[in-house]
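Remarks on the structure that follows.
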Amino acid sequence: MIDLNSTLVIQWVIFIFVMIFLNQFLFKPVLRIVDARREKVEGTQESAAQTNARTREHKESYETQIAQAQERLARESQAVREKTAGAAREQMDKARDEAMRLVESMRQRIDVEYDKVRAEMAGDIDQVARLISGKILGRDV
């Protein structure tokens with residue numbers, strides 16, 4: 001059973017003294033350390049959140065720049081393809097025109113040669129006919 005006597009006052013004085021002592025030398029320093037740590041953690045979390053926000057901004061900026069670069073590259077590639085196709089088409093047209101000019105020139109030369117050979121042979125036809133007739137008849141015609 002608990003007795004209430006004069007030691008109760010002494011126990012209360014000791015208890016209060018221990019509480020003041022512990023509060024001064026244990027609880028307050030520990031609470032200061034806990035508060036400092038909490039502030040540090042909150043600061044770190046805030047810093048991490050800011051870093052994440054900056055990272056997102058940089059990522060978005062980077063993706064935007066990549067998209068712009070890809071779009072610019074596609075436009076330049078298309079322009080080069082069109083320019084190359086135009087140059088190829090122009091060269092094909094020039095080659096075709098040159099080939100047609102050569103064909104026409106050769107036709108004209110063939111026509112000239114044909115007329116020349118025909119004129120030469122027209123003069124020789126009488127002589128050849130006389131030779132053949134003379135051989136068939138066995139005398140000069």
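Computed over heavy atoms, backbone and side chain alike; hydrogens, waters and symmetry mates excluded.
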Task: With Glu90 via salt bridge (charged side-chain N to carboxylate O under 4.0 Å, His left out) - residues at least two apart - done: Lys94

- [ ] Just jot down the ring pair (Phe, Tyr, Trp, His ring centres under 6.0 Å) partners of Phe25, sequence neighbours excluded, or say none.
- [x] Phe21

Open item on the list: Going by the rule ring pair (Phe, Tyr, Trp, His ring centres under 6.0 Å), which residues pair with Tyr114 if we only count those two or more places apart in sequence or in a different chain?
Closed with: none

Open item on the list: Applying ring-ring contact (aromatic ring centres under 6.0 Å, His included) as the test, list every pair that has at least one member in residues 27-70; sequence neighbours left out.
Closed with: none

TODO: Any chance you could measure Gln68, atom CD, to Thr64, atom OG1, to the nearest 0.5 Å?
DONE: 6.5 Å

Open item on the list: I need the full list of side-chain hydrogen bond (donor to acceptor under 3.5 Å, both in side chains) pairs touching residues 119-140, with sequence neighbours left out, sorted by first then second residue.
Closed with: none

Open item on the list: Nearest 0.5 angstrom please: Arg89 CZ to Glu82 CD, how far?
Closed with: 9.5 Å

- [ ] Measure the spacing between CD of Gln70 and CD1 of Ile66 and express it to the nearest 0.5 Å.
- [x] 6.5 Å

- [ ] Could you name each residue pair satisfying salt bridge (Lys or Arg N to Asp or Glu O under 4.0 Å) that touches residues 46-65, not counting sequence neighbours?
- [x] none

- [ ] Can you tell me which residue pairs pass the side-chain hydrogen bond (donor to acceptor under 3.5 Å, both in side chains) test with a partner in residues 6-15, sequence neighbours excluded?
- [x] Asn5-Thr7

Open item on the list: Between Leu26 and Val18, is there shared hydrophobic-cluster membership here, with clusters defined by ILVMFWY side-chain heavy atoms closer than 4.5 Å?
Closed with: yes

TODO: Using side chain to side chain contact (heavy atoms under 4.5 Å, CB included) as the criterion, list what pairs up with Ile125, not counting sequence neighbours.
DONE: none

- [ ] Return each pair, listed once, that meets side-chain hydrogen bond (donor to acceptor under 3.5 Å, both in side chains) where at least one residue sits in residues 100-109; pairs must be two or more places apart or across chains.
- [x] Glu98-Arg101

Open item on the list: For Gly43, is there any backbone N or O sitting under 3.5 Å from a side-chain donor or acceptor partner on Ser47?
Closed with: no

Task: Joint cluster assignment, Val30 & Leu22, ILVMFWY side-chain distance < 4.5 Å - done: yes

Open item on the list: The criterion is side chain to side chain contact (heavy atoms under 4.5 Å, CB included); which residues satisfy it with Ile110, sequence neighbours excluded?
Closed with: none

Task: Residue pairs passing the side-chain hydrogen bond (donor to acceptor under 3.5 Å, both in side chains) test where at least one lies in residues 25-37, sequence neighbours excluded - done: Asp35-Arg38

- [ ] List for me each residue that meets side chain to side chain donor-acceptor pair (under 3.5 Å) alongside Arg81, sequence neighbours excluded, and say none if there are none.
- [x] Ser77, Gln78

Open item on the list: Would you compute the distance between atom CG of Leu31 and atom CD1 of Ile33 and round it to the nearest 0.5 angstrom?
Closed with: 9.5 Å

